[in-house]
Amino acid sequence: MIDVPVPLFLITSNVTCVVEINGRMIGEVTDKSYLAHPLSSDGEYYISVIPLKNNPDKLYYSVTRKISLKDGAIQGDMPDDVIVTEWQGGIIELYISVGVISPFTILQYPCVIESIEVKSENRVFTLYYDNGLRILMEENGIQLFGRAIGNFTDGTMETMTNGKKLFCVVKVKCELGERMIIFDLDLNTLFDECGDSVGFMDANPYTTRKLDSIVGHEEITKYKFDDKKFEIFCKENGFYTHQRKQPEDEKSLAIAFCEAVRDRRDDEALSFLTSNLRDADVEEIRTMFGEFSIVKSPITEQSGVCAGILRRDTNVKNRFFAKLLRFEFSDDMLIANINFE
């Protein structure tokens with residue numbers, strides 16, 4: 001990053017949009033470009049991002065947010081759709097998301113999706129849609145009980161055995177990926193969790209969650225039945241739905257190294273270093289880096305390979321302080337040196 005004599009906004013957004021500051025059009029940004037705008041050290045700025053297009057699955061709308069500066073520093077908490085990163089040299093990266101709504105869907109008539117008969121109990125379970133997804137339990141042709149699952153239009157249902165117990169399992173797609181609900185045969189809810197993927201392992205449910213990892217680390221949460229409901233049995237990190245992704249270039253390898261240091265995957269961190277650096281103490285590297293939660297490439301052009309490690313401001317919501325690292329590499333694309341900017 002370069003030092004600038006006055007604070008400088010670098011504005012980005014999640015879609016292609018026009019940026020206005022205090023009612024004046026400044027220019028256009030995309031999700032892969034930024035707009036630079038100089039600021040005074042003190043003042044209030046009303047920044048609008050106005051989307052230029054929609055897509056078939058989403059409708060976008062304009063957002064205006066107030067940003068206050070004092071002595072060149074951002075003041076106050078940020079709303080959920082604004083993320084501020086303060087880089088060295090007076091550069092303030094400002095990410096503002098435009099508003100997103102789902103387009104209206106065509107009204108769907110009530111319909112049965114799936115039915116399962118449990119002959120041992122003389123019961124039938126029916127998954128159906130009626131202004132949302134619902135499940136109904138019948139015994140000897142008499143409707144006994146039902147539950148609303150949520151604002152979904154489709155799903156799947158199956159039975160599952162754990163030991164001597166039989167359960168009814170419903171799966172749906174949700175914003176977080178997949179949701180799985182396990183009912184007993186009286187429609188009591190014993191498990192209701194979401195993940196990037198959900199499933200069963202040795203007749204017990206699990207969920208996976210993608211971690212902030214350029215090589216694709218995931219967290220798997222395994223559950224076990226305790227006679228009343230399914231409780232967390234253990235959590236592990238690894239690769240469960242895909243293979244490990246090898247960093248494609250020096251920039252992604254630098255990010256992968258920083259993530260490994262952050263997440264205490266010391267063996268993985270050392271594997272990214274040249275042989276003469278592998279005697280390094282990763283704990284000492286962690287101490288030099290300091291506390292950080294996010295790793296990203298700088299938004300501006302840099303000479304050489306750089307990565308920014310971002311420390312979250314514990315007093316101000318959605319505000320981060322960035323430290324810039326510069327990497328040198330060997331001919332076989334391993335880290336040979338790290339310098340602090």
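For this chain, numbers begin at 1 and follow the sequence in order. For the numbers below, each heavy atom of this structure counts, side chains included, while hydrogens, waters and symmetry mates do not. As the structure is a computational prediction, the values presented were derived from the model and not from experiment.
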Sub-4.5 Å side-chain heavy-atom contact between Ile338 and Phe257: yes

Minimum side-chain heavy-atom gap Arg262-Phe292 below 4.5 Å: yes

Residue pair Glu259 / Arg265, side-chain heavy-atom distance below 4.5 Å: yes

Presence of salt bridge, Arg123 and Asp186, under 4.0 angstrom: yes

Sub-4.5 Å side-chain heavy-atom contact between Phe340 and Leu324: no

Test: Glu231 and Lys229 ion pair at under 4.0 Å: yes

Lys165/Asp227 under salt bridge (charged side-chain N to carboxylate O under 4.0 Å, His left out): CA gap, chis, key distance, verdict: CA-CA 9 Å; Lys165 293 185 178 293; Asp227 293 330; 5.8 Å; no

Note, Ile113 side chain near Leu133 side chain (heavy atom, < 4.5 Å): yes

Residues Asp192, Arg179; criterion side-chain contact (heavy atoms from CB on, under 4.5 Å); working and verdict: CA-CA 7 Å; Asp192 187 355; Arg179 177 184 174 194; 2.9 Å; yes

Contacts of type ring pair (Phe, Tyr, Trp, His ring centres under 6.0 Å), residue Phe200, not counting sequence neighbours: none

Residue pair Tyr60 / Asn55, side-chain donor-acceptor N/O under 3.5 Å: yes

Any residue meeting ring pair (Phe, Tyr, Trp, His ring centres under 6.0 Å) with His37, in chain and number order, not counting sequence neighbours: none

Residues Glu291, Arg311: salt bridge by 4.0 Å N-O rule: no

Note, Arg312 side chain near Leu310 side chain (heavy atom, < 4.5 Å): no

Test: Lys173 and Glu178 ion pair at under 4.0 Å: yes

Side-chain donor/acceptor of Arg278 to backbone N/O of Leu270, under 3.5 Å: yes

Distance-only donor-acceptor check, side chains Asn162 and Asn204, under 3.5 Å: yes

Sidechain-backbone polar pair: Asp313 side chain, Phe321 backbone, donor-acceptor under 3.5 Å: no

Output field: ring centroids Phe230/Phe167 closer than 6.0 Å: yes

Under 4.5 Å side-chain linkage, directly or through intermediates, the cluster mates of Tyr240: Met201, Tyr206, Ile220

Within-4.5 Å side-chain heavy-atom neighbours: Ile47 and Arg65: no

